[in-house]
2 protein chains.
Amino acid sequence: MSDLLERLRGRGWRLTSQRRVVAEVLDGEHVHLTADEVHARAAGRLPEISRATVYNTLGELVALGEVLEVATDGRAKRYDPNAHRAHQHLVCSGCGAIRDVHPHGDPLAALPAAERFGFAVATAEVTYRGLCPDCRP
Amino acid sequence: MSDLLERLRGRGWRLTSQRRVVAEVLDGEHVHLTADEVHARAAGRLPEISRATVYNTLGELVALGEVLEVATDGRAKRYDPNAHRAHQHLVCSGCGAIRDVHPHGDPLAALPAAERFGFAVATAEVTYRGLCPDCRP
DNA sequence: GTGTTGACTTAGACAGAGTCCAAGTTAGGA
DNA sequence: TCCTAACTTGGACTCTGTCTAAGTCAACAC
């Protein structure tokens with residue numbers, strides 16, 4: 001994602017310090033941060049950045065396909081900078097930890113035409129759930 | 001789900017009119033209602049039922065395994081009374097419509113041991129997304 | 001039937017996540 | 001350097017969902 005800023009500029013983005021900081025936060029740690037966590041880290045570098053701007057910027061990055069939105073629980077969405085390699089998520093039912101995983105095969109292929117009901121099915125998201133080593137009894 | 005009330009009674013539930021109405025609402029329409037929609041329909045039959053009771057009852061039904069919680073967007077959770085037959089969900093990216101679908105194969109099998117990172121993986125939820133016939137261009 | 005009691009329900013306050021808006025600021029082209 | 005549309009800001013607001021204290025009532029014992 002290091003040339004992300006250039007790609008965005010090429011798409012007509014105005015390159016503000018706020019957007020730069022948000023992109024750097026996502027780029028820096030390949031974890032799954034919530035919007036509030038992104039805001040906290042961004043504020044570490046640019047104290048006056050507002051929550052609204054973080055939400056706006058994240059929404060734009062998602063719309064541009066540079067970042068994935070992950071909703072594994074009913075709580076805050078998380079943002080995954082690893083948008084350029086297909087993967088799924090493994091979530092701990094105990095502590096909520098998330099890992100990227102790479103199952104084999106294409107999950108889309110498992111849905112026969114008769115089960116598509118005329119939808120133009122485009123993607124399949126898989127969430128695996130279970131207890132992580134730290135949470136196992 | 002018609003004998004749901006009996007099953008619940010057998011598990012020590014007190015059978016109040018509120019719980020009965022919530023169970024009937026879920027039983028009556030095999031759609032995926034939000035908590036607020038369940039509340040609205042329940043209030044049609046029992047006007048003084050409170051939101052808190054609807055949330056409590058839905059939570060209990062989920063804990064008992066009688067109803068599934070489905071979070072397909074970052075918005076309100078939806079409640080799926082079809083908990084006794086394994087299935088996945090197909091969601092319209094345009095209007096949000098949800099259908100139960102039955103892919104073949106077990107999605108869990110696609111995750112090799114090397115990709116489980118010591119987790120005791122228990123379930124795999126698949127969400128297929130695409131445009132429904134009404135939303136296709 | 002009546003009484004008792006703890007489980008259940010209620011209204012409303014509260015909290016977390018996210019959106020919206022009007023006013024102020026600024027990146028980048030002319 | 002100036003201009004202006006695009007961007008940012010703080011704060012109010014909405015939407016979901018949770019919590020609490022006080023009141024109610026289903027089911028059991030008698």
Side-chain angles (χ1 to χ4, degrees), chain A residues 5-25 32-43 45-64 67-80 96 98, chain B residues 5-25 32-64 66-80 96 98:
Chain A
L5 292 174
E6 277 316 306
R7 283 208 299 285
L8 296 174
R9 197 164 198 164
R11 301 211 211 187
W13 249 37
R14 265 179 48 181
L15 204 37
T16 65
S17 50
Q18 291 85 349
R19 287 173 167 179
R20 191 188 308 269
V21 166
V22 169
E24 284 170 3
V25 165
H32 302 80
L33 301 173
T34 63
D36 255 20
E37 287 163 352
V38 171
H39 179 239
R41 283 168 165 72
R45 309 192 195 187
L46 191 64
E48 67 280 16
I49 192 170
S50 77
R51 271 178 3 107
T53 295
V54 171
Y55 275 106
N56 287 343
T57 305
L58 289 172
E60 288 154 2
L61 289 170
V62 169
L64 291 171
V67 164
L68 291 178
E69 219 171 50
V70 186
T72 55
D73 52 5
R75 322 282 303 169
K77 289 174 193 161
R78 293 179 174 274
Y79 293 88
D80 182 348
I98 305 180
Chain B
L5 293 173
E6 277 316 306
R7 282 208 300 284
L8 296 174
R9 198 165 197 161
R11 302 211 210 186
W13 250 37
R14 267 180 45 185
L15 204 37
T16 65
S17 50
Q18 292 85 350
R19 285 172 168 181
R20 190 188 308 268
V21 166
V22 169
E24 284 171 3
V25 165
H32 303 80
L33 300 174
T34 63
D36 254 21
E37 288 164 350
V38 171
H39 179 239
R41 283 169 165 72
R45 308 191 194 187
L46 191 64
E48 67 280 17
I49 192 171
S50 78
R51 269 176 6 108
T53 296
V54 171
Y55 275 105
N56 286 344
T57 305
L58 289 172
E60 288 155 0
L61 289 169
V62 169
L64 290 170
E66 297 288 350
V67 164
L68 291 179
E69 220 170 51
V70 185
T72 55
D73 52 6
R75 322 281 303 166
K77 288 176 195 159
R78 294 179 173 273
Y79 293 88
D80 183 346
I98 304 179

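The sequence lines fix the lettering, A, B, ..., with proteins before strands; numbering per chain opens at 1. Below, all heavy atoms of this structure are taken into account, side chains as well, without hydrogens, waters or symmetry copies.
Residue L33(A) contributes atom CG, which lies 13 Å from atom P of dG18(C) at whole-angstrom precision. Distance CG (L8(B)) to P (dA27(D)): 12 Å, rounded to an integer number of Å. If you measure from atom CZ of R11(A) to atom P of dA6(D), you get 18 Å, rounded to the nearest angstrom. Residue H39(B) contributes atom NE2, which lies 12 Å from atom C1' of dT9(C) at whole-angstrom precision. Atom P of nucleotide dG18(C) and atom CG of D73(A) are separated by 10 Å, given to the nearest angstrom. What separates CD of E48(A) from P of dG24(C) is a distance of 18 Å, to the nearest Å. The nearest whole Å value for the distance from the CD atom in E69(B) to the P atom in dT16(D) is 15 Å. Rounded to an integer number of Å, the gap from R9(B) CZ to dA7(C) P is 17 Å.
Put simply, T16(B) has no side-chain N or O that comes within less than 4.0 Å of OP1 or OP2 on dC25(D). A sub-4.0 Å separation between OP1 or OP2 of dT9(D) and a side-chain N or O of Q18(A) is present. Taking 4.0 angstrom as the limit, R19(B) places none of its side-chain polar atoms (N or O) nearer than this to OP1 or OP2 of dA26(D).
With hydrogens and angles ignored, the 3.5 Å screen pairs no side-chain donor or acceptor of H39(A) with any backbone N or O of Y55(A).
For the salt bridge (Lys or Arg N to Asp or Glu O under 4.0 Å) condition, the pairs that include at least one residue of residues 13-23 of chain A, sequence neighbours left out, are R19(A)-E60(A).
Less than 4.0 Å separates DNA chain D from at least one heavy atom of each of the following residues of residues 51-60 of chain A: A52(A), T53(A).
Map K77(A) and G12(B) each onto its nearest nucleotide of DNA chain C; the residue landing nearer the 5' end is G12(B). Heavy-atom nearest nucleotides on DNA chain D were determined for R14(B) and for D36(B), and the one closer to the 5' end corresponds to D36(B).
To the nearest 0.5 angstrom, I49(A) atom CD1 is 7.5 Å from T16(A) atom OG1. Note that CG of L61(B) and CG of N56(B) are 11.0 Å apart. Values are rounded to the nearest 0.5 Å. R41(A) CZ to L33(A) CG: the interatomic distance, rounded to the nearest 0.5 Å, is 5.0 Å.
Each of D36(A), V25(A), V22(A) was scored for a side-chain contact (heavy atoms from CB on, under 4.5 Å) with V54(A), with one residue passing: V22(A).
Applying the ring-ring contact (aromatic ring centres under 6.0 Å, His included) rule to H32(A) yields the partners H89(A); only residues at least two apart in sequence or on another chain are considered.
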